[in-house]
There are 2 protein chains.
Amino acid sequence: MEKPQLPRVTIKDVALKAGVSKTTVSRYLGGNYKEIAPKTRKRIEDTIASLNYRPNIMARGLKRNTSNLIGMVVADISNPYTTAIMRGAEDICNQNGYNLLVCNTDNDPEKENDYISMLQAHRIDGLIINTTGRNNEALKDLAHDDIPVVLVDRKVPSLEYDTIGVENHRAVTDAMHHLIEQNFDRIAFFTEPLAGVSTRKERAAAFEQVLRANGHPSCQDIYEVDLSSEGSLMDKLLFFLEESKGQTKAIFAVNGVVLLQLVIALQQLNLSIPKDLALLGFDNPEWALAVGSGITTIEQPTYEIGTAAMESILQKIKGNKTFSQYTSFSARLIIRGSTTNN
Amino acid sequence: MEKPQLPRVTIKDVALKAGVSKTTVSRYLGGNYKEIAPKTRKRIEDTIASLNYRPNIMARGLKRNTSNLIGMVVADISNPYTTAIMRGAEDICNQNGYNLLVCNTDNDPEKENDYISMLQAHRIDGLIINTTGRNNEALKDLAHDDIPVVLVDRKVPSLEYDTIGVENHRAVTDAMHHLIEQNFDRIAFFTEPLAGVSTRKERAAAFEQVLRANGHPSCQDIYEVDLSSEGSLMDKLLFFLEESKGQTKAIFAVNGVVLLQLVIALQQLNLSIPKDLALLGFDNPEWALAVGSGITTIEQPTYEIGTAAMESILQKIKGNKTFSQYTSFSARLIIRGSTTNN
DNA sequence: CCGACCAATGGAACCGGTTCCATTTGCATC
DNA sequence: GATGCAAATGGAACCGGTTCCATTGGTCGG
């Protein structure tokens, strides 16, 4: 029942047919043309074409101790934020002859550890990771093997890896000033659980700080919802609506995923945006344009974050130690109907 | 400037420290425990743990002629349809010790060919591909190397690869009957260019067929729009609106991407759904719930398509020749406000 | 015409595993 | 105690590339 392996064409076949040694063919493959006579080079070229030969990257990697593989571990592949970053990373990756090994952890630390181990077994040349932020044993291990690592979006204070993200504090501050200008009586912050996720914590902290600085009554209105549990968001939402009955109000969503769930919940409650409730959120998913008169969002330069992460990896592979600890791009507040025409 | 390679721990190191031969360690790694004395096994186990040894998959693959890598080539990674399939594929993939090598072609046939060549160089053990449908030279080549291939969503008639998708004809027919029941004077079909993409052609054909069978005046209302060109969709939309002035009308969107662009365009024109125009589309993106009173959609079992594709690959790797040419899942019409409460 | 030098090429070891085959060990049987 | 056989283990070749070092052949200056 074994698959009958047809023998693939190897460097030896090419050498034999071209009448040269493996060494010379290898030199050709490596692009060391200056060491090869032009007519020999032509002969090898023709032979490779006629045999449709394709060098085995594993064999090369074994000797060179590289794999041409970059690991990409993401917490949620169905989040548009994630795919936008992947696009950026992938483009740079392939322009440099690497391939992306993608793993989706579903925010599960155990899965994350398993994946990193697998990637290590593949001898990845670098890793871009959007970590769950919890239980980072395997991640720590990579430093020991001297594998370049770049964290994306979420920092891990105990690890000395470069991190790329946005200026969360500043972005939240800008957005909050916009909300405060509109004189809402109450402003709530809806987020997924803060535990371990630096981005969420930073945003929540900035939210609170701005409100305190303005002596606003809403400093306590931070709600952590568990999206995997049916009804969790709706319960918190109803609670907030009850608390703020008769008052003008707005909700700040920590990211695009929460934002969408809020829009759906409000629709179920037959509440209108922004008349009954204003809404604003991080990330700028395409559908934000399509809901009502548009949802106000905070746009991150996701594609650029992806390219920057990969470029940082490439630098490290080349041996250029970069010292930047945290690279933050600026985010952009896009004001739409969900926070204005009330 | 070279990176100082610190020597990684190899099977030899383990053998040495455990006082056995490489062969025995290899047997341990392969799980052939019945050939190993219990105390030897324990010793190897401990040694591996203490050295934090991780076998090199490339070295193994070189000898075994496998890579534990499955290629996944997608036309558009930012399409939620794509990521849903990736989730399914990835889950099965990893349960079986494989990893996914993801490539995004942006619907560019040239990129597709380049990627397939790269994947071939990595000696992928299988390939799942959502092909551009054009210029499939490299794809054809894979058959020659006996690499398992499964097409997803889009068929290629000239290639004898298994394909997994949905019952497009039936799904469109169901949806059209729903629209016809509502007695729209005109129904348009908006699609991305049909060229080479079987799915789009099948859906357009079914659309036309149903209308003809019902003697409906709209058989010609098929619009191909180029989303990469600014204004193309808006132009076609305005044309259709002009053509159908004073009539009741609906638009059928070929997929979720076109659907979203239509919603945005309608919002820009200040037209209301479904009062001015009813709307329905393939795919069931999450935001469809959030727009207006919900958008009527045709839901595909995307996750299942992904798992089925990967399971088919695994079967082929095991050498079980499967004879199914086209596996089609059934899609589900979800009726919401965008085609009803007018 | 000879030695020096360079350009072009080849031989063989090596990367880290797997696997075929041979060898050693342990133990029961006669 | 010798014999036989199975269980346990080891040696060495091999997978398909790369790379160090040696070799060959030709050109050039003296």
Side-chain angles (χ1 to χ4, degrees), chain A residues 2 5-45 47-48 51-68 97 120-125 145, chain B residues 2 5-45 47-48 51-68 97 120-125 145:
Chain A
E2 286 299 297
Q5 286 293 353
L6 53 168
R8 292 221 25 157
V9 27
T10 73
I11 199 173
K12 205 168 144 191
D13 302 321
V14 175
L16 222 60
K17 179 146 183 219
V20 295
S21 70
K22 278 167 60 178
T23 308
T24 304
V25 178
S26 176
R27 272 190 271 257
Y28 172 86
L29 295 175
N32 302 325
Y33 301 139
K34 57 184 175 303
E35 301 182 30
I36 312 177
K39 72 177 172 56
T40 308
R41 177 177 163 187
K42 177 82 171 70
R43 196 146 27 93
I44 294 174
E45 196 173 301
T47 309
I48 286 178
L51 293 177
N52 195 21
Y53 166 73
R54 204 169 300 288
N56 184 329
I57 294 188
M58 288 191 290
R60 168 179 306 171
L62 189 53
K63 177 68 177 175
R64 290 229 185 129
N65 201 23
T66 62
S67 60
N68 280 293
Q120 223 173 342
H122 275 290
R123 298 297 189 267
I124 49 167
D125 295 332
D145 277 358
Chain B
E2 286 299 298
Q5 285 295 352
L6 53 168
R8 293 221 22 155
V9 27
T10 74
I11 198 172
K12 203 169 146 191
D13 302 321
V14 175
L16 222 60
K17 180 146 183 219
V20 295
S21 70
K22 277 167 58 177
T23 310
T24 303
V25 178
S26 176
R27 272 190 272 258
Y28 172 86
L29 295 176
N32 302 324
Y33 301 139
K34 57 184 175 300
E35 301 182 31
I36 311 177
K39 71 178 173 53
T40 309
R41 176 176 162 187
K42 178 81 171 72
R43 194 145 30 92
I44 294 174
E45 197 173 301
T47 311
I48 286 179
L51 293 178
N52 195 21
Y53 166 73
R54 203 169 299 290
N56 183 330
I57 294 188
M58 289 191 290
R60 168 179 303 172
L62 190 53
K63 177 70 177 173
R64 289 226 185 132
N65 202 23
T66 62
S67 59
N68 280 293
Q120 224 172 340
H122 275 289
R123 297 297 187 269
I124 50 167
D125 294 333
D145 276 357

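Each chain gets a letter, A, B and so on, in the order the sequences are listed, and its residues count up from 1. Since the structure is predicted, the reported quantities are computational estimates derived from the model, not experimental observations. No hydrogens, no waters, no symmetry mates; every other heavy atom, side chains included, goes into these values.
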Scan [range] against DNA chain C and write down, sorted by residue number, each residue with any heavy atom closer than 4.0 Å; if none is found, say none.
range	answer
residues 28-42 of chain A	A:K34, A:E35, A:I36, A:A37, A:T40
residues 52-60 of chain A	none
residues 14-27 of chain B	B:K22, B:T23, B:S26

Close side-chain approach of [X] to [Y], heavy-atom, < 4.5 Å:
X	Y	answer
A:N52	A:V9	no
B:L16	B:D13	no
A:R123	B:I57	no
A:L29	A:R60	yes
A:V20	A:V25	yes

### Message
I'd like the 5' and 3' limits of the part of DNA chain D contacted by chain A, with heavy-atom contacts below 4.0 Å.
### Response
D:dG16 to D:dC20
### Summary of protein contacts for nucleotides 22-28 of chain C, nucleotide by nucleotide, where a base hit scores B, a sugar-phosphate-only hit scores S (4.0 Å, heavy atoms)
-------
### Task
Can you run down the side chain to side chain donor-acceptor pair (under 3.5 Å) pairs that involve residues 36-45 of chain B, sequence neighbours left out, and say none if there aren't any?
B:K42-B:D46
### Task
Please list all pairs passing the side chain to side chain donor-acceptor pair (under 3.5 Å) test where one or both residues lie in residues 15-34 of chain B, with sequence neighbours left out.
B:K17-B:S50, B:S21-B:T24
### Message
At 10 degrees resolution, what angle do the end axes of the helix from C:dC1-D:dG30 to C:dC30-D:dG1 form when each is taken over five base pairs?
### Response
50°
Would you compute the distance between atom [atom1] of [X] and atom [atom2] of [Y] and round it to the nearest 0.5 angstrom?
X	Y	atom1	atom2	answer
B:H122	B:M58	NE2	CE	10.0 Å
A:N56	A:R8	CG	CZ	8.0 Å
A:I44	A:I11	CD1	CD1	9.0 Å

Please give me the minimum heavy-atom distance between [X] and [Y], naming the atom from each residue.
X	Y	answer
B:G97	B:N68	O-OD1, 3.4 Å
A:L62	B:A59	CD1-CB, 3.6 Å
A:Y53	A:V14	CG-CG2, 3.6 Å

### Summary
On DNA chain C, more 5' by nearest nucleotide between A:R123 and A:K63 is A:K63
